[in-house]
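In what follows, a structure is listed as structure tokens, so that the remarks can point back to it.
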4 protein chains.
Amino acid sequence: MEAAGESVTRRQRGRQPSPATAAAILDATRELIAAGGVEGLTVENVAARTGIAKTTIYRRWRSKDELALAVLIAMVEEQAASASDLGDTRAELVAFVAHAIKILRSTLMGRVMQGLVSELAANPDLAQAFRDRVVARRVQELTWILERGIQRGDVRSDADIGMANELLFGPVYYRLLLSGKPLEDGLAERLVDVFLAWIQP
Amino acid sequence: MEAAGESVTRRQRGRQPSPATAAAILDATRELIAAGGVEGLTVENVAARTGIAKTTIYRRWRSKDELALAVLIAMVEEQAASASDLGDTRAELVAFVAHAIKILRSTLMGRVMQGLVSELAANPDLAQAFRDRVVARRVQELTWILERGIQRGDVRSDADIGMANELLFGPVYYRLLLSGKPLEDGLAERLVDVFLAWIQP
Amino acid sequence: MEAAGESVTRRQRGRQPSPATAAAILDATRELIAAGGVEGLTVENVAARTGIAKTTIYRRWRSKDELALAVLIAMVEEQAASASDLGDTRAELVAFVAHAIKILRSTLMGRVMQGLVSELAANPDLAQAFRDRVVARRVQELTWILERGIQRGDVRSDADIGMANELLFGPVYYRLLLSGKPLEDGLAERLVDVFLAWIQP
Amino acid sequence: MEAAGESVTRRQRGRQPSPATAAAILDATRELIAAGGVEGLTVENVAARTGIAKTTIYRRWRSKDELALAVLIAMVEEQAASASDLGDTRAELVAFVAHAIKILRSTLMGRVMQGLVSELAANPDLAQAFRDRVVARRVQELTWILERGIQRGDVRSDADIGMANELLFGPVYYRLLLSGKPLEDGLAERLVDVFLAWIQP
DNA sequence: GACTAAGCGAGACGGTACGTCGCGTCTTAAA
DNA sequence: TTTAAGACGCGACGTACCGTCTCGCTTAGTC
């Protein structure tokens, strides 16, 4: 009776950690990072704003930075969209880039990225996680798109796939982080055109 | 022509601020930012390391952030290199990009940029100064190069000069700030090649 | 009788303020005031000397002055001695004054008084507390002694009780604070003799 | 030849120190001490309020405390009144005490005394100066009055002159510094009466 | 009348302490 | 056993005054 399907784990005693708590913490963190970067994020504020005790926060994340990282990962995880085969390489690339731009522009993702980027350089763990979960994933998607393109004959077979990510997203982040120019609608198409001009057969 | 009265400014009384003091502060600041980003920079440490009183630092810069801004401006000012006419657009572009890359890689400039970029988003004043003094200046240089290229016939006359900066430097900063890929030697040439493929006649 | 509900106060949660901490702070404060007056008292030093964090001190007392006040109150509270009925008014008065003198001379009380007296004039809260807890208490004691004396016939029934305090203690504090003359042994007796010469029947 | 009249001091060269400057500094100091004790006195404020440079102040007084002392001395010097022979010891004593009370009550003298008294205990130089210039002078005046009284037969020849000062002024300062009771009009007479009850033949 | 002195204003400078904010750890009582 | 509450040690913040140190200007006596 008792255990039966409880998989292996033996029954927990005492009060159970609430999932709602974690969510509330991450939400507040996201908002605070968006409002003032990692510097504007304070555990004290997260606690005050959510009514959750500081202790509880530290029980789940070792430090402020780990908390910030968790937020970044969570946001990327949410957004993750796989590029489907549209039969046209240009259309696929534009859709891919445009989707990323839209996320950066219309959600807190942009603000969070701005707030965390300096942390990336200072914190190797966070940097590693970012590369594995965000950069590598994006490179993978692009690889698939371009391989399909090569098979279709849309793309030169000796195209330097490795630079695709930098050429398509470098300018996007340059605007977001440095020049401050707006991420306007046509940007994705223009970037894809430049890139295709280079790798077309 | 010059505003004559401007130079008449009435004589200063009192002890003059020592230029050596300012320089020492900026040096120490630069090193601390490079070592640990803006978060790793503390006025207390700058004071300790230079032997200059904290009050003296605050007398010149209102806050830690203003101090960081000053460092960024100073570094850019130092580096400012004008692209000379080499008779060949490709060569000029490569030289221009390669120079920037070299600075980022071989001086503290790269570390400082990493450390300050989050601050740019949080601090409009700093952002404005950065755009005026760094971005705009670079755009201007590129414009001159490309205009020479058009006159020579190296560059299509309807080339979108506005994107040059983003296409050439976006990937560079993407590596520096996000992907962590090294700024290797051939990078400048490859970027210029992509760009030229797009704007060649 | 007692406000029943008063004691029901809902149980405290969280770590309780340590009484040892408060005691250590007050001790160090007392010593520092004795050594150099309120000017010689620095929260920084109290922290260093006790190993208690500055923040902890400020959590309990809003400012250096409040801390000093707490010390004064604590010292008076400790010393509070009630004059018992000795059957002889002169003996009671001498005992009362001599006790006060001894405290001023042999404990830090004298130094603390010297250090705080200027603060009394500048800080109405402190002044009020001092009058309520020190002056008023002493006046009360004297009143009891003199009333017993009147009943015994030692003291004229129309004696001006109100001046007793000033006549007996004024000279004591004049020495302590202004003339610097030592608070020698026979002083209490001489003062009581002058006073009695005035109020004896 | 040379020295001869060392006191004739050889002629001063250069710009002469302005007496108005010193006066302005002392005035501002007096006001600031009255307003907030020695703690409320800042050289910075004296400079700001008078328009006189900090340097100039420090050229005349070595430190804040010396400045405060100077103010006290100056006030006492101004007030110094010699008790004239009125033919009646009681009248002379009352006049003497009442004059002191009036000064304390109606000028800044009272506030300055309150502000400086803690400094007396912490600063031996200031204490010495205070005793020599204020206490001793007052004791001297009282001695003269009482000697005249003895000659007239108003005062017992074995009167303890040494305590006169403490008995007459102790209560006054007790009110000013500790109890805060007002220095009312009849006080001088009552104190003198108590004192005379003790030393009358 | 030119040549020295100070005196004086302004204000940079090295210090010390202030009182505050946030970190991450800890203890306690309630759920 | 988790949680809310909150005391605690710590490190840095930015501010207020201290007393010292240049500066350049002003004012007087002396040569």
Side-chain angles (χ1 to χ4, degrees), chain A residues 12-18 21 39-48 50-65, chain B residues 10-18 21-22 39 41-48 50-65, chain C residues 10-18 21-22 39 41-48 50-64, chain D residues 10-18 21 39 41-48 50-65:
Chain A
Q12 293 279 64
R13 291 210 298 173
R15 182 164 169 181
Q16 250 30 53
S18 145
T21 299
E39 297 228 36
L41 167 67
T42 72
V43 175
E44 219 98 3
N45 273 1
V46 172
T50 57
I52 289 168
K54 261 198 313 174
T55 334
T56 303
I57 299 172
Y58 280 108
R59 201 169 294 117
R60 288 157 185 265
W61 294 277
R62 251 195 275 276
S63 73
K64 202 177 76 156
D65 290 349
Chain B
R10 75 183 191 71
R11 244 18 175 299
Q12 288 282 85
R13 289 213 288 181
R15 181 167 169 180
Q16 256 20 62
S18 147
T21 298
E39 298 228 36
L41 167 66
T42 72
V43 176
E44 214 98 4
N45 273 358
V46 172
T50 56
I52 287 167
K54 225 171 24 142
T55 29
T56 298
I57 300 173
Y58 280 108
R59 216 168 277 123
R60 289 159 181 263
W61 295 277
R62 252 195 276 275
S63 72
K64 204 177 75 154
D65 291 349
Chain C
R10 76 184 190 70
R11 239 28 171 297
Q12 288 282 88
R13 290 210 289 181
R15 180 168 171 179
Q16 254 24 61
S18 147
T21 299
E39 297 228 37
L41 167 66
T42 72
V43 176
E44 214 97 3
N45 273 359
V46 172
T50 57
I52 287 167
K54 226 172 25 144
T55 28
T56 298
I57 300 173
Y58 280 108
R59 218 169 272 123
R60 288 158 181 263
W61 295 277
R62 251 194 276 275
S63 72
K64 205 177 74 156
Chain D
R10 68 184 183 72
R11 238 23 172 302
Q12 291 280 69
R13 290 213 296 177
R15 183 168 169 179
Q16 254 26 57
S18 145
T21 299
E39 297 228 38
L41 167 66
T42 71
V43 176
E44 218 97 4
N45 272 0
V46 172
T50 56
I52 288 167
K54 260 199 315 174
T55 335
T56 303
I57 299 172
Y58 280 107
R59 202 170 292 117
R60 289 159 185 263
W61 295 278
R62 248 196 277 275
S63 73
K64 203 177 77 154
D65 291 349

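Model, not experiment: these values are computed from the prediction. All heavy atoms count here, side chains included; hydrogens, waters and symmetry mates do not. Throughout, a chain's letter reflects where its sequence line sits, starting with A, and its residues are numbered from 1.
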Starting at atom CZ of C/R59, determine the distance to atom C1' of F/dA7, rounded to an integer number of angstrom. 6 Å
From CG of B/D65 over to C1' of F/dC13, roughly how many Å is that when rounded to an integer? 12 Å
Send over the distance from B/W61 CH2 to E/dA12 P, rounded to a whole Å. 13 Å
Describe the nucleic acid contact of A/R62 in one word from base, sugar-phosphate, nothing, applying a heavy-atom distance below 4.0 Å. nothing
What heavy-atom pair brings C/A53 and C/A47 nearest, and what distance separates the two atoms? C-CB, 4.4 Å
Note, C/V46 side chain near C/L41 side chain (heavy atom, < 4.5 Å): yes
Using whole Å, report how far NZ of C/K64 lies from P of E/dT16. 16 Å
To the closest 0.5 Å, what do you measure between CD (D/E39) and NZ (C/K64)? 5.0 Å
Between F/dT2 (C1') and C/R13 (CZ): distance, integer Å: 12 Å
Tell me: OH of B/Y58 to P of E/dC18, nearest whole Å? 18 Å
Ignoring backbone atoms, establish whether B/R60 has a side-chain N or O less than 4.0 Å from OP1 or OP2 of E/dG11. no
Quick one: on DNA chain E, does B/G14 or C/R15 contact a more 5' nucleotide (nearest heavy atom)? B/G14
Which one, F/dC18, F/dC8, E/dG7, comes nearest to the side chain of C/T21? F/dC8
Applying side-chain contact (heavy atoms from CB on, under 4.5 Å), name anything that partners B/D65, two or more places apart in sequence or on another chain. B/V38, B/S63, B/E119, B/N123
Taking distance alone, no hydrogens or angles, what donor-acceptor pairs closer than 3.5 Å link side-chain atoms of residues 54-61 of chain B to residues at least two apart or in another chain?
residue	atom	partner	partner atom	Å
B/R60	NH2	B/S18	O	3.1

Is D/Q16 touching bases, backbone alone, or none of the nucleic acid, heavy atoms closer than 4.0 Å? sugar-phosphate
In residues 50-57 of chain A, which residues come under 4.0 Å of DNA chain F by heavy atom? A/G51, A/I52, A/A53, A/T55, A/T56
Atom pair distance, as rounded to whole Å: CD in B/E44 and P in E/dA17: 14 Å
